[in-house]
Protein chains: 2
Amino acid sequence: MPARASSKTSEASDKVSVICRALRRAIIEQALEPGAKLPEDALGERFGVSRTIARHALGQLAAEGLVELRRNRIAVVATPSWQEARDAFDIRIELERLVVRQLAGKLTRAQIAELNAHVDAEDRARGGTDAVSIRLATEFHILLAHMTNSPILVRYVSEVAYRCCLTLSLYSRPHSTECAINEHRAIIAALAKGDEAKVMELMHHHLDSVANRALVAPTPQRGRDLLDILAPYADEVTSDRVVKLPKIARRG
Amino acid sequence: MPARASSKTSEASDKVSVICRALRRAIIEQALEPGAKLPEDALGERFGVSRTIARHALGQLAAEGLVELRRNRIAVVATPSWQEARDAFDIRIELERLVVRQLAGKLTRAQIAELNAHVDAEDRARGGTDAVSIRLATEFHILLAHMTNSPILVRYVSEVAYRCCLTLSLYSRPHSTECAINEHRAIIAALAKGDEAKVMELMHHHLDSVANRALVAPTPQRGRDLLDILAPYADEVTSDRVVKLPKIARRG
DNA sequence: GGACATCGAACTGCATGCAATTCGGGCGCT
DNA sequence: AGCGCCCGAATTGCATGCAGTTCGATGTCC
């Protein structure tokens, strides 16, 4: 039997929403790297809308944490710190445990088939680029969330999964997606079997290992802002004698 | 010792942010009831800004789930369904268990004092209106989240707590806040003692009982839209013979 | 009395324009 | 060369204006 009566949870077809979706996808596929500039004019021109709309879209994405917005400054793709990335994964683990807890033993045959089809797609994409693999893996989790029919859960899982995606492009070493795919299959099996405890454990382990593979160590440097890197050392500077830093390594 | 090095996590001082904060507070204090209309013009005039800014603020609040935005229609304060309210509480329980798990045994004396001071304030407000009590109780949880120094966790806990607040004004019977205050004190004590398992259990029970006190039963009706109420019955109507409803009970 | 059509007011969707701020390259100085 | 300054171009912050849609009161007919 289905987990709950179905209902549509799709996003509106506003121009704003269209731009949001496009940017979101570009970001998680790493077409837009963390730190990439997103000027309102350029976005507006690219999508055939006015700056007002582009601006609104950036506001939405900033609310989701995918974009960083500072007053009077060009918006940039978010560059989460290592700690923020770890926090995001911790939250994600709890949320997705909740997802599979609600879903265990309550999926229809059609839903299980849909999940399997998705993992098949992941399998086929193994030869392609990392970006596509990562996107598909993320979408598997979002697909699961959708099946709870809880719009709020869908929103939070999606957001936090996107954020995790973002961090992968910052801190990840070239990783193998194969074991992740197998873990997806195991989760589907446990869901179908209805073993609630088992599937929660599987999901926990799955996300934890993804996080550990990705967030190898607090080795930022790459893509980090100089000021952030030096922040821990700032306390040692007496405030009346501020060190003027030479302008090197300033990412444009 | 402190849980983590402190950092500021306050919101920007944009005009948009100011309006967001004001509306958020008005909503959770029930000055604005669910379903209340929020025309862009009126907001702009009230806050001394243009419609563009008011519109942007509404977009942000919609992203947080506090406001409902439908194309070409006046924005309204969100009216969550009973099921959505239950979902929000379920998510909240997981998130706040994570909060206290991270915090157990890691609070400074100053932080514990701050928490106690807050609960004292809750105590003093017991004679006042329900709205203020609810707001203070909610802010206790947000204060806890802040102490994790995880901006992401703060954001999610805040959002979901506000949403829960919103549902209280919809489905809650006149409730007693006293036991909730005692539970807050118990949580502080367990945090100070560093009993991780105990505090997670306490938080779980606390939120669950708040939810159960509030969400007494699937008894919508009040403040619900007629169409939503009748949605479950819609399946029984053949689509070529749509029943035209008389225009009653249309909330303005 | 109650359902329906109609029309003006109200409101939203969006683009554009102007002021204020930031960015970045070139110039002069050491 | 290296560093700081300055100024024009680029960019954001915000208000306003116009077109299209919705809302609701009124009048009309049954």
Side-chain angles (χ1 to χ4, degrees), chain A residues 11-23 32 35-63 67-78 225-227 242-252, chain B residues 11-23 32 35-63 67-79 225-227 241-252:
Chain A
E11 203 168 347
S13 67
D14 271 347
K15 294 192 179 184
V16 172
S17 307
V18 171
I19 297 179
C20 280
R21 269 197 295 274
L23 287 180
L32 291 171
K37 291 184 181 177
L38 302 169
E40 297 172 359
D41 292 330
L43 292 180
E45 191 177 358
R46 184 68 190 79
F47 289 103
V49 298
S50 80
R51 213 159 55 77
T52 307
I53 304 306
R55 180 183 184 74
H56 201 93
L58 287 173
Q60 297 293 305
L61 293 173
V67 159
E68 279 168 14
L69 229 43
R70 287 183 322 185
R71 187 177 175 87
N72 282 324
R73 295 227 161 62
I74 300 180
V76 296
V77 176
D225 194 81
L226 184 61
L227 290 176
V242 175
V243 177
K244 285 267 203 160
L245 296 169
K247 49 171 64 178
I248 58 171
R250 199 79 192 187
R251 292 164 43 90
Chain B
E11 202 169 348
S13 66
D14 271 348
K15 294 193 178 183
V16 171
S17 306
V18 171
I19 298 179
C20 279
R21 270 197 294 274
L23 287 180
L32 289 171
K37 291 182 181 178
L38 302 170
E40 297 173 358
D41 293 328
L43 292 180
E45 192 176 0
R46 184 69 190 78
F47 289 102
V49 298
S50 80
R51 212 158 56 75
T52 307
I53 304 305
R55 181 183 183 73
H56 202 93
L58 287 173
Q60 297 291 307
L61 292 172
V67 160
E68 279 168 14
L69 230 43
R70 287 184 321 184
R71 188 177 176 87
N72 283 323
R73 293 226 163 64
I74 299 179
V76 295
V77 176
T79 306
D225 194 81
L226 184 61
L227 291 176
R241 179 135 165 68
V242 174
V243 177
K244 285 268 205 160
L245 298 169
K247 48 172 65 178
I248 59 172
R250 200 80 191 185
R251 291 164 45 89

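Below, read A as the first sequence line, B as the second, and so on, with proteins coming before strands; counting in each chain starts at 1. The model shown is predicted, which means the values in this text are computed figures rather than measured ones.
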Checking all strands, does B:Arg51 fall into the base, sugar-phosphate, or nothing category for heavy-atom contacts under 4.0 angstrom? base
For A:Lys37 and A:Val76, which heavy atoms make the closest approach, and how far apart are they? CA-CG1, 4.2 Å
Whole angstrom is fine here: how far is it from CG in A:Asn72 over to C1' in C:dA19? 11 Å
Any side-chain N or O of A:Arg73 less than 4.0 Å from the OP1 or OP2 oxygen of C:dT21? no
Angle, rounded to 10°, between the helical axes spanning five pairs at each terminus of the helix from C:dG1-D:dC30 to C:dT30-D:dA1? 10°
Measure from the side chain of B:Lys15, starting at C-beta and using heavy atoms only, and say which of C:dC14, D:dT12, D:dA15 lies closest. D:dA15
Looking only at the side chain of B:Arg55 (C-beta and beyond, no hydrogens), which of the listed nucleotides C:dG13, C:dT22, D:dA15 gets closest? C:dG13
Side-chain heavy atoms of A:Val77 within contact of A:Leu23, under 4.5 Å: no
Could you tell me whether a side-chain N or O of B:Gln60 sits under 3.5 Å from a main-chain N or O of A:Gly59, the two making a donor and an acceptor? yes
About how many Å separate CD of A:Glu68 and CG of A:Leu61, when rounded to the nearest 0.5 Å? 12.5 Å
Do A:Val49 and A:Ile19 touch side chain to side chain, with heavy atoms closer than 4.5 Å? yes
Below 4.0 Å: OP1/OP2 of C:dG24 and any side-chain N or O of A:Lys37: yes
Heavy-atom check, side chain of B:Val67 versus side chain of B:Leu69, under 4.5 Å: yes
Which whole-number value in Å describes the distance from B:Arg70 CZ to D:dC23 C1'? 13 Å
Over how many whole Å does the gap from B:Glu40 atom CD to D:dT21 atom P extend? 17 Å
Whole-Å distance separating the NE2 atom of A:His56 from the P atom of D:dT12: 16 Å
Which residue lies toward the 5' end of DNA chain C, A:Ser50 or A:Ile74, if each is placed at its nearest nucleotide? A:Ser50
For B:Ala54 and B:Gly44 the tightest heavy-atom approach is CB-N, 3.9 Å
Return the nearest nucleotide to the side chain of B:Asp41; candidates are D:dA15, C:dC11, D:dT11. C:dC11
What is the distance, to the nearest angstrom, from the CG atom on B:Leu43 to the P atom on C:dC11? 11 Å
Counting side-chain heavy atoms from CB outward, which of C:dA15, D:dG13, D:dT12 is closest to A:Pro39? D:dT12
Find the distance B:Asp14:CG to D:dT12:C1' and express it as a whole number of Å. 11 Å
When the distance from CG of B:Leu69 to P of C:dC14 is rounded to whole Å, what number comes out? 11 Å
Taking CD from A:Glu68 and P from D:dT12, how many angstroms apart are they, rounded to a whole number? 15 Å
